[in-house]
Amino acid sequence: MTYSIEKVTTLIGARRYGDQAANIGFLLTDSRSLCFPEETLFFALKSGRRNGHEFIPDLYRRGVRNFVVDALPQDYATTYPGSNFLKVISPLEALQRLAERHRDEFNIPVVGVTGSNGKTIVKEWLYQLLSPSLSVTRSPRSYNSQIGVPLSVWLLGEQSQVGVFEAGISQPGEMQALRNIIQPTIGVITNIGSAHQENFPSMEAKVDEKLDLFRDASVIVYPGDSKEIASRVGERSFKGDHLWWSVADANAPLYIKNVEKGETSTTVTYIYNKVGGECQYTLPFIDEASIENSITCCAVCLSLGISAADIAGRMPKLEAVAMRLEVKQGQHGCTLINDSYNSDINSLDIALDFISRRPDHKGRRRTLILSDILQSGMTRDQLYAEVSELCVKRGVEKFIGVGPDLMAEADRIGVGEKYFFPDSQTFIKSPVFSTLRDEVILIKGARAFGFDGISELLEQKVHETILEVNLQAVVDNLNYYRSYMKPETKLVCMVKANAYGSGAVEVAKTLQDHRVDYLAVAVADEGVTLRKNGITSNIMIMNPEMTAFKTMFDYDLEPEVYSFRLLDALVKAARREGITGYPVHIKLDTGMHRLGFNPKTDIDELIHRLQSQNAIIPRSVFSHFVGSDSDDFDNFSKMQFDLFDEASSKLQAAFPHKILRHICNSAGIEHFPERQLDMCRLGLGLYGIDSRDNHILNNVSTLKTTILQLRDVPKEETVGYSRKGHLTRDSRIAAIPIGYADGLNRHLGRGNCYCLVNGQKAPYVGNICMDVAMIDVTGIPCKEGDTVEIFGDHLPVTVLSDVLDTIPYEVLTSVSDRVKRVYYQD
Ligand SMILES: *Cc1c(COP(=O)(O)O)cnc(C)c1O
C-alpha cells in the first residue's frame, strides 16, 4: 500500500514545503537502512545524541526526496530541489500518527502482546499457529519500541487478515502511544517480571502501565494464576472479555486440567469455556516457559475461532524461535552469516541490511543462499519479485535459491549470478557448493529445507570451546553510557587487548556502524588489523612504539604522546616523510604516575615545542583517573580533575584550533558526568561490566564448551594430576575441553569455582589441566555433548574474578586466541 504525499501531509497534520508528486511506501528512521529511495519518507528523529536532520544531505544524494522535519534546512528549495519537506513539531509523533491512521484502515483482528518475558516467542508462535489458515502480519524480530511499533504496524497491507504486534515499554507513559498505534482487539499479557523495574515506583504501577494496552480491546488474555496480574486486572474495569487461564481454578475460561511432560514433549489437557469438554494438544517442548507460552497461544487461537482440532494439529509442529544472526568463520576464506530467524521477507531485509552495513576489506562477493519463503500471504510472483528487488538494492552479487518455488521463479530473480536447486541435498552435492570461495554468505532458510546441514558443512570446524559475543549487548551498553553524556560530547571506544578479549574487528565494525568518534587500541599492529578489515573510523594508539611511526602514518593511526622523547622522535619521523599537521593526543600524568607529561612542570615547555614545529598538531589532550570506580578516591579524583583542567586549558589557550579535552573512563562517565568535558573514553562498560560495583549491565561475552565424556567414579578415588581431586562420595565426573591454555585459570580448580551445566553449578574437581578440566556433575541431569557455561549470561565473569582475587578485565582478556569467537545479534 502506498500513500500520496498529499495524503501523508494531511494525516500527520504537517505543513508541506515543496510540490513534488510522490507516493510513499517505506518509512525510514535510520539512514543506514535505506533501500527504496524514491518511495521512502524519512523521519528526522532526535534521540539522545543523534539528530536525524544531519543525515538529510546524505539521503538526498542517495535519492530520497521526502522528509519529515521539525526545522527546515536552510535554503531548502535551492539546496534540495525536487523535494518535499513536511514540517511538524515532533517527527516521532508524526511517525506514530501516520502508523495510527494506517492502522485505522484495517478492520481485522489485531493481537497486541506485552509482558516481561516471552513476548517475541508468543508472537512468533502465534504466527506459526495461525498462518496455515490466515495471512498474518507481525512485528519483525522484536521491534517493540516507540519507533519499532509504528514501523511494524506500517507493514499491514491488503493481504493482512490478522496482525500480531509486540509492545515493549521501559518507562511510565509509553504504553498509551503504543496502544493508539496497535489498537489491539485482543490483548495478551504473558507474565510480569523485574525488567525495567527501576523506572517504575512499584510492581503494580508497571502492571498497570502494561495493562493500559488493553483499554479498548474486546478480549484480554492473561495468566489468572499470577496474583500480580490478576489483582490489577480486577482493580480496573475492562470492557473486554476476560480470557484468563489457570491450572488451579476449574472456573477459569481456559482451565488447564492436566500437564503431562514426556521425554521430549508435553501434553496439555484443557477445558475452554466449559463447553465441548476436554481437549488436548501436544507441544514439542518440556520447559515451563514454553508450556506457559503455548497456553497463551492456545487461548488466542481459541478466541480467534481456530478449532481445537486445528490447534491439536498445529501445536506439535511449533519450532523454537531463534532470533539470532550469527557471524562465523567459514571454510575457504568465507564469512558465514547465519540467520536462523524464521524466513520471511522482512527479516530477509533486516539481514541484508546488517551485511551491507559491515565493511569488507577484501571486497568479497556477497552471496545469498535462500530457501523458498513459506506462508508469506503474497502470491508467488509478487513475493519473488520483491525478493529480487531487495537483493538487487542491497547489493547481493550471487544468488543461490533452494526449493521448488524458487526454481519456478528463477527468471524473476534479477541478480547477475544465480543458481537454483530443488532441495539442500542437491545443492550440497553440486559444484556450486564446493566452489564457494572468499565470499560473505548469508544463509537464510525455512527450517523445512534443512539449512542446518548447509551451514554445518560450510563452517570451519572449531574446537568445541567458543566465546560467544553478543553484538547487540555492546550496542545496548554503548547507549547506556551515552545516556549519561550530553549529545555533543564525543566518545572514544576502547577496543584494545582485542576488545577486552571479545575480538576487536567485529566489535569495531559494530561501533563504527554506530558512529563512535574514535576507536582506541594499545599498539600500532592492532590498529593495522582494524584498517585491513575495513575500519575507517578515527583510531588512537595508546602505546605507540618508536619503531612503528611509519606504520601509523601509512594507516592513519593517531598516536598518544606522553613524553618529550616520544614527541621529538615523532616530529622527526613525520618530517622525514614530509608530513605536516599529523594529529596526536597529548597525555598528562595527573596522579597515575604511569605515562604522561607533568601538568605542573612540563606544560610550558610542551607548548613551546609544539608551537615550534608543524609536523604534528595536538588533536586532543587527556588524563586518566586512578580510582573513578570507588568513592574512596573521590578527593583524589577531584585533585586530578582540577590539575588536568588547569593544564589542559593552558594548552588550549596556546592554540587557535579546538583541542578536545577528556579524562573520564567508563566509571567516570557514570560517576562524574559533570567532568565529561569534550570527550569520554569507554572501556569495560562497553563489555557489560560496571566497575563501580561489579554488576553486569548487558552481558557481552559467554565462554562455552561441551561435555566430552561422562564417567562414574567411586568414593575415595581421585581425579586429575597429583591426585588433588579426592572424592568423598560416589561421583559422576564430566571432562570438558577447556584448560589453562584456553585461559581457564588453574586457581579456579580444586573446587574453588564452578561452571554451569544445564543451569546447575558443577564445581571443578582436581587440578585444571592444560586443555581439559574435570567437573563434578553428580545429580545434574546431563549427557555427553551438553553445553557447559564457564562464564557469561548466567554465570557472571565477576564470580570468577572474585575467586581469583583479581578484576574482570584480567579474566576477559585471558581467553586465548585458540578459542573461536562467534558473534551474534538478536
Ligand atoms: C583502558 C583505558 C580506558 C578505559 O578504561 P575502562 O575502565 O575500561 O573504562 C580509558 N582510558 C585509558 C587511557 C585507558 O588505557
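Atoms within each ligand, like the ligands themselves, are counted from 1 in listed order.
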| said: Hydrogens and angles aside, do Thr601 and Asn598 bring a side-chain donor and acceptor to less than 3.5 Å of each other? | reply: yes
| query | When you measure from atom 13 (C) of ligand 1 to every protein heavy atom, which one gives the shortest distance, and what is it? | reply | Met542 CE, 3.5 Å
| query | If you look at every heavy atom in Asp645 and Ser649, which pair is closest and at what distance? | reply | O-OG, 2.5 Å
| query | Is it the case that more than 12 heavy atoms not belonging to Phe672 sit under 6.0 Å from its CZ atom? | reply | yes
| query | Hey, does Lys496 sit under 4.0 Å from ligand 1 if you only count heavy atoms? | reply | yes
| note | So CG of Leu756 and OG1 of Thr787: to nearest 0.5 Å the spacing works out to 11.5 Å
| request: Could you tell me the residue and atom name of the protein heavy atom closest to atom 9 (O) of ligand 1, and the distance to it rounded to 0.1 Å? | output: Ser666 OG, 2.5 Å
| said: Suppose we measure from atom 5 (O) of ligand 1 to each protein heavy atom; which comes out shortest, and what is that distance? | reply: Asn665 CB, 3.6 Å
| task | Look up atom CG in Asp476 and atom CG in Asn698, then write down how far apart they are to the nearest 0.5 Å. | result | 5.0 Å
| request: Give the numbers and elements of all ligand 1 atoms closer than 4.0 Å to a heavy atom of Tyr500. | output: 1 (C), 4 (C), 5 (O), 6 (P), 8 (O)
| query | So which protein heavy atom does atom 7 (O) of ligand 1 come closest to, and at what separation? | reply | Tyr809 OH, 2.7 Å
| query | Under 4.0 Å from any heavy atom of Leu684, which atoms of ligand 1 are there? | reply | 6 (P), 8 (O), 9 (O)
| request: Within a distance under 4.0 Å of any heavy atom of Met494, pick out the atoms of ligand 1 and give their elements. | output: 2 (C), 3 (C), 4 (C), 14 (C)
| Passing option when Val700 is tested against Val797, Leu686, Asn477, Ile689 for side chain to side chain contact (heavy atoms under 4.5 Å, CB included) | Asn477
| Got the closest protein heavy atom to atom 11 (N) of ligand 1, with its distance? | Arg681 NE, 2.7 Å
| message | Using only atom types and a distance under 3.5 Å, with no angle test, would you say the side chain of Gln512 pairs donor to acceptor with the backbone of Thr536? | response | yes
